[in-house]
There are 2 protein chains.
Amino acid sequence: MSQDINAVMNEYLPLRDVVFQTLRQAILRGELEPGERLMEIHLANRLGVSRTPIREAIRKLELEGLVVMIPRRGAIVASITEKDLKDVLEVRRTLEIMAGEMACERITPELLKQLEETGLEFTKLKDTDDFTSLAEADVRFHDIIYAAAGNQRLISILNNLREQMYRYRLEYLKDTGSHERLVQEHQEIYEGIRRGDKEAVSAVTGTHIDNQRDAILEAIMKTE
Amino acid sequence: MSQDINAVMNEYLPLRDVVFQTLRQAILRGELEPGERLMEIHLANRLGVSRTPIREAIRKLELEGLVVMIPRRGAIVASITEKDLKDVLEVRRTLEIMAGEMACERITPELLKQLEETGLEFTKLKDTDDFTSLAEADVRFHDIIYAAAGNQRLISILNNLREQMYRYRLEYLKDTGSHERLVQEHQEIYEGIRRGDKEAVSAVTGTHIDNQRDAILEAIMKTE
DNA sequence: CTTTTCATATATGTATACAAAAAACACAGA
DNA sequence: TCTGTGTTTTTTGTATACATATATGAAAAG
């Protein structure tokens, strides 16, 4: 019930937030390429709004680091260097391990069940070519672990770090050779959390991210 | 020289950035209290600018979580719950340890020297009542460790987490009884990094943050 | 043919205008 | 006194206007 009320209340979204999400998606998906200029009037016409919401959205993208401002020239899409990616993944590795270990202590039976189900879902998708659904199942799997860790700040930081790599995620999931390994890792992570075995979870999560890191870096090399 | 050129080039700051920094400081120092409304016209008059730069500054504060938006009502200063603080400190603990361990591997002789000097500076200030300088020295000490870790993303996240607690920092530094212990901990952290002893650095850094956590939580209890 | 200079166009930075929603208030009625 | 309702005020959300800085391009000078 209160959910419904909430839904009704949320049906209003300021234009600036619509624009923010739109531009954000476009950047993370690579539709707006690094170095590309974000010209306010152009975007305003394109999205059918005035410059004001565009500018306010850009301010948020600026703080998030997705665009960089050049004084009196406007915003350009930030380019990610290999160093940037390594830095992001290094921090993410640490925090994913942290989340996994905390989940060992704090996970509820409810969430544990969801984790198992999502793991199975991922397994089912692994041999299909529905990469989008596969990616979504992967996101859900990790989301459940974050939720189990029960630290809101950790969740937002991890989500942000993960999103930094959306542009590459689909790329590396297309490497179907790695799916078997991914399924295996998910299974081990689930088992570890179920047993409350921090050591095991920490180790598997570490290699999970390391593998991802290598795959992404390799994918980048190819495209450049 | 190039510093001068840079200074000249940076002499231009958009009003929105001036406003952003001003409001940010005011919130972090507690001059704007949690729950307080940020009314655009009022702020605009107060700072002598139009609503536009105010609004753009608020968008950044919004993304940073320092203010929360209420639809069609505007922005209010975000209030920090005890849970929020615990969450922040929990993540910060992990990342401070990460930074310390990375510093063990990557620190340069140059930075190691700076770390030693800043530690001594802190020691010198410990018995004075110049809490502001003491806090600054503490910030510098940790900044050097972050820099030594050599991960830009880690630096920005840690800075952000640290700033979340600026409102309380001065409070707990006024507890002069803890100064001796702080000096001791800094000394041990420095020694650990010098020796490249990750275990030691990790342990001391952990208790360093834990102590800070307890002090801050205690300070909050008192004020409420 | 290259370079410099000046005029023009374009885009940003800031201010203001306007519409609409929410809050505050006053007042009538029970 | 409390409640409900209509009105006014305030404030936000969005659009537009204006000034200025930068880029663009053509014409003049070398």
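The chains referred to below are lettered A, B, ... by the order of the sequence lines, with proteins before strands, and numbering in each begins at 1.
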Distances under 3.5 Å between protein N/O atoms and the N/O atoms of nucleotides 8-14 of chain D, please, pair by pair.
unit_1  : atom_1 : unit_2   : atom_2 : d
dT12(D) : OP2    : Glu40(B) : N      : 3.4
dG13(D) : OP1    : Arg72(B) : N      : 3.4
dG13(D) : N7     : Arg51(B) : NH2    : 2.9
dG13(D) : O6     : Arg51(B) : NH1    : 2.9
dT14(D) : OP1    : Leu15(A) : N      : 2.7

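Partners of Ser133(B) according to the side chain to side chain donor-acceptor pair (under 3.5 Å) rule, which considers only residues two or more places apart in sequence or in another chain, are Asp130(B).
At a threshold of 4.0 Å, the pair Arg153(B)-Glu90(A) does not count as salt-bridged, since none of the basic side-chain nitrogens sits closer than that to a carboxylate oxygen. Under a 4.0 Å N-O distance rule, the pair Arg162(A)/Asp143(A) qualifies as a salt bridge. The residues Lys60(A) and Glu56(A) are annotated as not salt-bridged, no charged nitrogen and carboxylate oxygen being separated by less than 4.0 angstrom.
Nucleotides of DNA chain C that come within less than 4.0 Å of any heavy atom of chain A span, from the 5' end to the 3' end, dA11(C) to dT14(C).
Each of Glu31(B), Glu62(B), Glu163(B) was evaluated against Arg24(B); a single residue qualifies, Glu163(B), per the salt bridge (Lys or Arg N to Asp or Glu O under 4.0 Å) test.
Note on ring orientation: taking the six-membered ring where Trp is involved, the planes of His186(B) and Phe122(B) are tilted (angle from 30° to 60°).
Of all non-hydrogen atoms in Ile107(A) and Leu111(A), the two that sit nearest each other are CG1-CB, 3.8 Å.
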